[in-house]
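Before any comments, here is the structure.
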Amino acid sequence: MRGSRILGLGFHVPPRVVTNDDLSKLMETSDEWIVQRTGIKERRWVDGDVGASELAEHATKKALADARVDAKQIDLIVFATLSPDVNFPGSGCLLGARLGLPGVPALDVRNQCTGFLYGLAVADQFVRSGAMQHVLVVGAEVHSTGIDISTRGRDVAVLFGDGAGAAVVGPSEDEHRILDTKLHADGSHYDILMVEAPASRRNPRLTHEMLDEGRHFPSMDGKAVFKQAVERLPEVIGEVLAPHGLGIADVDLVVPHQANLRINEMVAKRLGLGPDRVFNNIDRYGNTTAASIPIALCEARERGMVRPGSRVVLAAFGAGLTWGATLLRW
Ligand SMILES: CC(C)(COP(=O)(O)OP(=O)(O)OC[C@H]1O[C@@H](n2cnc3c(N)ncnc32)[C@H](O)[C@@H]1OP(=O)(O)O)[C@@H](O)C(=O)NCCC(=O)NCCS
């Protein structure tokens, strides 16, 4: 039966490195606090006016070259981001224009840290059904222009970085394919991590008062997010493996979303996974939300941790709440 697989990967991060010491000049924080609580040492921030679609374009070109697929062969663009270039239209449309693909459909996915896995599931369904041959799935974020870079916003500001990762998904006729995906959402906790304004439920959507209160910046109940993440991630990893008669011992590598090293360490401990079977790169990029999994997967493959035949689980948890896992055989 026809399936789908990732034919090529690519990622791009802006060249500007922002260390924890750089941040401690902008707000009351310290390298020690950030490393101890999150594992993050540095992140990348864009310089000047650079939107998510620009980062995505660079990542896409690398993924297309890796897949040996021409841009003209893309049947659908799926663009996962919480930081679109403009409020509307979606960044998928802007990326299509950058790639010179007029008429190619573009779908923006608004599922935050789980966005890439939702996008991959869409691609898998279109390719598996035979409706499409090549679907581009991109996760790209520019956080640095949307966070409160001051002591007031330090709990969130130190976590996030800019970047993009892309995958070209195409058909597979053998066992090297996306084997399964489990996706979840629970909006009853939507407000533990969100950006409220501009808000269609407020009239007007944005006021000077809202700006003064910083309601256009992300707000987060970090402890609540942490608690949910360490429950949901092991749960959904088990859920994606069980129907295939597989356990965690059968998995070569888990590539989790990079939200916080402590979350991933706790998840690994709960699952009984040693550090050689969990890939982390949050120390260098921070949390790049929808981009974190494709960036991590790309680096893991470059380091030889993902090889033909490897059983890999991608797992994400984030705002929404949304969470999910993808099981694939490379
Ligand atoms: C954000 C997070 C690192 C905070 O760690 P924590 O141990 O829960 O810290 P707290 O929020 O309890 O804050 C402890 C203290 O540090 C302070 N603090 C917060 N951010 C700080 C920073 N960047 N630098 C220095 N101090 C900071 C707080 O003000 C608080 O001070 P107080 O004790 O005087 O009130 C942690 O909750 C976390 O990682 N949560 C998950 C976040 C996440 O993954 N988000 C993305 C999901 S996709």
Side-chain angles (χ1 to χ4, degrees), residues 3-6 9 76-82 84 90-92 105-129 131-132 135-141 165-169 172 177-190 192-194 225 227-244 246 248 251 253-259 263-264 267 270-271 278-279 287-297 311-330:
S4 85
R5 60 182 295 201
I6 295 175
L9 288 166
L76 169 69
I77 296 166
V78 183
F79 198 122
T81 186
L82 64 69
S91 284
L107 172 71
D108 267 44
V109 168
R110 295 290 308 272
N111 291 84
Q112 299 67 249
C113 303
T114 321
F116 185 78
L117 299 192
Y118 271 79
L120 207 52
V122 171
D124 179 41
Q125 294 300 326
F126 272 115
V127 172
R128 187 198 293 246
S129 72
M132 290 181 179
V135 178
L136 171 68
V137 186
V138 188
E141 307 284 0
V168 178
V169 178
S172 163
R177 58 171 63 193
I178 295 172
L179 296 168
D180 212 342
T181 305
K182 300 291 176 203
L183 299 171
H184 295 281
D186 178 1
S188 60
H189 300 289
Y190 81 94
I192 65 173
L193 180 53
M194 70 165 179
V225 174
K227 274 189 207 151
Q228 287 281 342
V230 296
E231 290 294 324
R232 296 302 183 201
L233 284 166
E235 200 174 272
V236 77
I237 291 171
E239 193 190 342
V240 83
L241 291 170
H244 303 270
L246 299 173
I248 198 70
V251 175
L253 190 70
V254 174
V255 180
H257 167 55
Q258 304 291 302
I263 292 177
N264 290 353
V267 169
R270 286 191 179 184
L271 292 170
V278 184
F279 187 81
N287 180 348
T288 58
T289 308
S292 93
I293 288 182
I295 293 175
L297 183 60
R311 250 192 225 117
V312 180
V313 173
L314 314 176
F317 174 88
L321 302 175
T322 57
W323 65 102
T326 305
L327 169 64
L328 50 91
R329 181 142 215 161
W330 196 259

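The shown structure was predicted, so the numbers you read here are calculated from the model rather than taken from an experiment. Only heavy atoms go into these numbers, but all of them, side chains included; no hydrogens, no water, no symmetry mates.
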What closest approach, in Å, do Gly318 and Cys113 show between heavy atoms, and which atom pair accounts for it?
CA-CB, 3.8 Å
When rounded to the nearest 0.5 angstrom, what distance separates CZ in Phe116 from CD1 in Ile295?
10.5 Å
Do Glu235 and Arg270 sit within salt-bridge range, that is, some charged N less than 4.0 Å from a carboxylate O?
no
Report yes if the side chains of Ile6 and Val137 come closer than 4.5 Å at any heavy-atom pair, otherwise no.
no
Restricting to pairs with a member in residues 108-120, which pass side chain to side chain donor-acceptor pair (under 3.5 Å), not counting sequence neighbours?
Thr114-Thr322
Donor-acceptor under 3.5 Å (Ser292 side chain, Thr288 main chain)
no
Enumerate the residue pairs fulfilling salt bridge (charged side-chain N to carboxylate O under 4.0 Å, His left out) with a member in residues 117-126, sequence neighbours excluded, ordered by first and then second residue.
Asp124-Arg128
Any non-hydrogen side-chain atom of Val251 less than 4.5 Å from a side-chain atom of Ile237?
no
Sequence neighbours excluded, which residues qualify as ring-ring contact (aromatic ring centres under 6.0 Å, His included) partners of His244?
none
Shortest non-hydrogen pair, Ser91 vs Pro84, comes out as OG-CA, 3.4 Å
Shortest non-hydrogen contact from Leu193 toward Ala319:
O-CB, 3.5 Å
Is there a donor-acceptor contact under 3.5 Å from the side chain of Thr81 to the main chain of Ala140?
yes
Chi angles and distances behind the side chain to side chain contact (heavy atoms under 4.5 Å, CB included) call for Asp186, Trp323:
CA-CA 9 Å; Asp186 178 1; Trp323 65 102; 3.8 Å; yes
Any side-chain heavy-atom pair from Glu141 and Leu82 closer than 4.5 angstrom?
yes
What pair of heavy atoms forms the shortest contact from Gly139 to Ala291, and how long is it?
O-CB, 3.3 Å
Evaluate side chain to side chain contact (heavy atoms under 4.5 Å, CB included) for Val78 paired with Val169, printing each intermediate quantity in order.
CA-CA 11 Å; Val78 183; Val169 178; over 6 Å; no
Counting distance only, does the side-chain N/O of Gln258 pair as donor-acceptor with the main-chain N or O of Asn264 below 3.5 Å?
no
With the side chain counted from C-beta on, respond yes when Phe317 and Val230 share a heavy-atom pair under 4.5 Å apart, and no when they do not.
no
Among Val236, Ile248, Leu179, the one residue meeting side chain to side chain contact (heavy atoms under 4.5 Å, CB included) with Leu241:
Ile248
Looking only at non-hydrogen atoms, find the nearest pair between Gly324 and Leu117 and report the distance.
O-CD1, 3.5 Å
Report the distance from atom CG of Leu107 to atom CZ of Phe126, rounding to the nearest 0.5 Å.
8.0 Å
Heavy atoms, side chains only, cut-off 4.5 Å: are Val122 and Val135 in contact?
no
Is His189 close to Val225 at the side-chain level, that is, under 4.5 Å between some pair of heavy atoms?
no
Euclidean distance, Leu233 CG relative to Gln228 CD, rounded to 0.5 Å:
10.5 Å
Just wondering, do Val278 and Leu271 contact through their side chains at under 4.5 Å, heavy atoms?
no
Just how far is it from atom CZ of Arg329 to atom CG of Leu327, taken to the nearest 0.5 Å?
9.5 Å
Do you know which two heavy atoms are closest between Ala229 and Pro234, and how far apart they sit?
O-CD, 4.1 Å
To the nearest 0.5 Å, what is the distance between CG (Leu321) and OG (Ser188)?
7.0 Å
To the nearest 0.5 Å, what is the distance between CZ on Arg311 and CG on Leu328?
11.0 Å
Please tell me if the side chains of Lys182 and Pro243 come closer than 4.5 Å, counting only heavy atoms from C-beta onward.
yes
